[in-house]
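Only one structure is covered here, and it is reproduced in the block below.
Atom set for the values below is all heavy atoms of this structure, side chains included, hydrogens, waters and symmetry mates excluded.
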Amino acid sequence: MDATTRLYYDDPYLTTFTAQVIAIAEHAGRPAIALDRSAFYPAGGGQPSDQGWLEVAPASDHRWSVIDVQSDNGVVWHILSASEPLPALGTTVTGQINWARRFDHMQQHCGQHILTAAFIATCQAVTVSFHLSERSVTIDLDVINLNEDQVQAAEAWANQAVWANLPIYARFVSPTELTQIPLRKPPTVSDSVRVVSIGNIDHSACGGTHPARTGEVGAIVVTGWSRQRGMTRVEFLCGGRVITALHERDRAIRSAASALSVGWAELPAAVSRLQETLQGLQRELTQTRRELDALRAAQWYAQTPPVNGRRVVTATLPDADLERLRTIAGFIAELPGGIAIVAGGTERAQVVVACASDTAVDAREILAVGMKVLGGRGGGHARMAQGGGGQMSLLATAIAAMMERAAL
């Protein structure tokens with residue numbers, strides 16, 4: 001089968017074309033059509049595929065949505081959303097590219113080339129990989145750390161290149177011509193090398209789609225960066241995505257400012273005050289809960305009749321976390337002859353056993369009895385032990401077994 005002629009190489013702005021069906025197959029469980037020529041860009045080089053439509057030419061009711069495009073040995077396959085009816089071999093079809101998606105990818109991909117050149121120029125950080133998705137664009141740089149000044153410098157450099165409206169020239173070059181071009185990195189293929197040049201700031205072997213001039217990228221904004229496996233991942237947006245993100249953030253800021261009855265410029269100070277208030281309330285709540293738990297522990301202790309000089313207090317608190325269970329058990333174990341068996345959890349049982357020093361009882365031994373019933377595990381020391389896991393339905397039985405052991 002002959003390779004597909006890729007029309008986007010010569011004209012990335014081409015959105016409508018005609019072609020003949022040369023093969024029909026299946027890709028990942030979906031029908032796929034190969035054409036003799038196509039303007040659809042197949043996924044590759046970090047750039048997602050185009051999407052759009054195919055229809056029998058001239059236009060008719062026979063229309064198929066192209067949801068993915070893949071390349072295999074030079075043949076471009078158009079993966080369709082539905083299989084019935086498919087055009088016969090040799091049928092002439094009209095292809096229509098989803099231009100909004102194509103232009104977005106052109107902006108993001110070209111912006112990546114520019115930002116990559118910017119990081120090299122400003123801090124000698126080289127791009128190792130590039131990824132473009134529906135919501136984000138990232139590059140991985142071969143540096144462990146970046147600081148705010150470096151990122152701002154690269155972003156400013158990149159936007160200066162955008163606003164300079166530099167020409168972008170994409171072409172296939174011969175091996176001789178290739179030796180005369182200062183490529184950013186060596187190509188991954190040895191023949192049919194396509195080079196994309198952005199003014200005199202970047203020359204890269206690339207098969208992707210790009211606008212004619214850098215001004216069409218609009219703007220480049222770095223939205224964040226983080227360490228990733230010994231490198232730094234930089235997330236950024238270009239063109240229309242910058243406007244979309246600005247609108248989303250503006251709506252969020254205006255909503256938050258309205259909720260706090262302040263102007264958007266006063267929002268950081270209002271949030272800071274709110275955090276301080278929340279932290280103070282949280283400290284008060286923690287102290288109040290601790291005092292309440294101490295009173296409850298004393299009350300439970302007083303209501304529990306002594307057996308052999310010990311008071312075995314049990315309580316089940318499904319909403320309490322492990323630290324609170326430990327606190328309550330500790331309060332009980334501070335009282336004469338106090339032995340606490342306190343449990344919590346809704347899906348996974350948690351049990352804390354605490355024993356006063358005058359009981360001569362080892363908390364680990366009591367806990368072990370309960371864990372055997374539950375099928376869980378635990379550990380600790382003689383005065384306090386904790387464990388969890390096993391079957392929640394057996395918790396009551398486990399507590400009864402621990403009470404019996406504690407009363408011995």
*Between atom CD of Q150 and atom CZ of F119, what is the distance when rounded to the nearest 0.5 Å?*
8.5 Å
*Can you tell if the side chain of T4 reaches within under 4.5 Å of the side chain of D36, non-hydrogen atoms only?*
no
*For residues D68 and Q70, is any side-chain donor paired with an opposing acceptor at under 3.5 Å?*
yes
*May I ask you to check whether T138 and H131 show a side-chain donor-acceptor distance below 3.5 Å?*
no
_Is it the case that the side chain of N98 and the backbone of R101 share a donor-acceptor pair, with hydrogens and angles ignored and the cut-off at 3.5 Å?_
yes
*Look only at the side chain of D202 and the backbone of A117, and say whether a donor-acceptor pair between them is shorter than 3.5 Å.*
no
*Going from OG1 on T327 to CG on D321, what distance comes out if it is rounded to the nearest 0.5 angstrom?*
8.0 Å
*Only counting residues at least two apart or in another chain, list the ones meeting side-chain contact (heavy atoms from CB on, under 4.5 Å) with A32.*
H27, W77, I79
*Would you indicate whether the side-chain heavy atoms of R249 and T223 approach each other to under 4.5 Å?*
yes
*Does Y13 have its ring centroid less than 6.0 Å away from the ring centroid of Y8?*
no
*Can you tell me how far the OG1 atom of T214 sits from the CD atom of Q160, to the nearest 0.5 Å?*
11.0 Å
_Please report whether the ring centroid of H109 lies less than 6.0 Å from that of F130._
yes
*Picking from R102, Q107, Q108, what satisfies side chain to side chain donor-acceptor pair (under 3.5 Å) with D104?*
Q108
_Is it the case that the side chain of S38 and the backbone of F40 share a donor-acceptor pair, with hydrogens and angles ignored and the cut-off at 3.5 Å?_
yes
_Residues forming a side-chain contact (heavy atoms from CB on, under 4.5 Å) with A39, sequence neighbours excluded_ = L7, L14, F17, I97
*Please report the shortest heavy-atom distance between C110 and P211, naming the atom on each side.*
CB-CD, 3.6 Å
*Derivation of the salt bridge (Lys or Arg N to Asp or Glu O under 4.0 Å) call for R289 and E323*: CA-CA 12 Å; R289 175 176 287 177; E323 185 59 33; over 6 Å; no
_Is there a side-chain contact (heavy atoms from CB on, under 4.5 Å) between M384 and C355? Walk through the geometry before answering._
CA-CA 6 Å; M384 182 176 289; C355 302; over 6 Å; no
*So, does N308 use its side chain to make a donor-acceptor pair with the main chain of A407 at under 3.5 Å?*
yes
*asked:* How close do L325 and A343 get, counting heavy atoms only, and between which atoms?
replied: CD2-O, 3.8 Å
*Are I67 and S49 close enough that some pair of their side-chain heavy atoms sits under 4.5 Å apart?*
no
*State, yes or no, whether a side-chain contact exists between R383 and S357 at a heavy-atom distance under 4.5 Å.*
yes
*Is the backbone of V128 close enough, under 3.5 Å, to the side chain of D140 for a donor and an acceptor to pair up by distance?*
no
_CA sep, side-chain torsions, deciding dist, call: T116, Q112, side chain to side chain donor-acceptor pair (under 3.5 Å)_ = CA-CA 6 Å; T116 288; Q112 176 264 311; 2.9 Å; yes
*Which atoms form the tightest heavy-atom contact between T16 and Q96, and what is the distance?*
OG1-OE1, 2.8 Å
*Should L80 and W53 count as side-chain neighbours, where that means a heavy-atom distance under 4.5 Å?*
no
*Indicate yes or no: does D250 engage R254 in a salt bridge with an N to O separation below 4.0 Å.*
yes
*Could you give the distance from CZ (R405) to CD (E365), rounded to the nearest 0.5 Å?*
5.0 Å
*Does some side-chain heavy atom of V217 sit less than 4.5 Å from a side-chain heavy atom of I114?*
yes
*State the CD1-CD1 distance between I366 and I399, to the nearest 0.5 angstrom.*
13.0 Å
*Establish, from distance only, whether the side-chain atoms of Q47 and T209 form a donor-acceptor pair under 3.5 Å.*
yes
Side-chain donor-acceptor pairs under 3.5 Å in residues 257-276, sequence neighbours left out?
unit_1 : atom_1 : unit_2 : atom_2 : d
E266   : OE1    : G263   : N      : 2.8

_If you apply the rule side-chain contact (heavy atoms from CB on, under 4.5 Å), what do you find for V151 with N147, and how did you get there?_
CA-CA 6 Å; V151 172; N147 59 46; over 6 Å; no
*What's the spacing between Y9 OH and R194 CZ if we round to 0.5 Å?*
6.0 Å
_Within the structure provided, determine whether L132 and P48 are in side-chain contact (heavy-atom separation under 4.5 Å)._
yes
*Would you confirm whether S204, through its side chain, and R184, through its main-chain N or O, come within 3.5 Å as a donor-acceptor pair?*
no
*Residues D293, R324; criterion salt bridge (Lys or Arg N to Asp or Glu O under 4.0 Å); working and verdict*: CA-CA 9 Å; D293 286 341; R324 191 178 176 202; 2.9 Å; yes
*4.5 Å side-chain heavy-atom contact, I181 and V173*: yes
*Might you work through the side-chain contact (heavy atoms from CB on, under 4.5 Å) test for L54 and T94, ending with a clear yes or no?*
CA-CA 6 Å; L54 292 176; T94 297; over 6 Å; no
*Derivation and outcome, side-chain contact (heavy atoms from CB on, under 4.5 Å), residues E148 and W225*: CA-CA 10 Å; E148 186 83 27; W225 63 95; 3.4 Å; yes
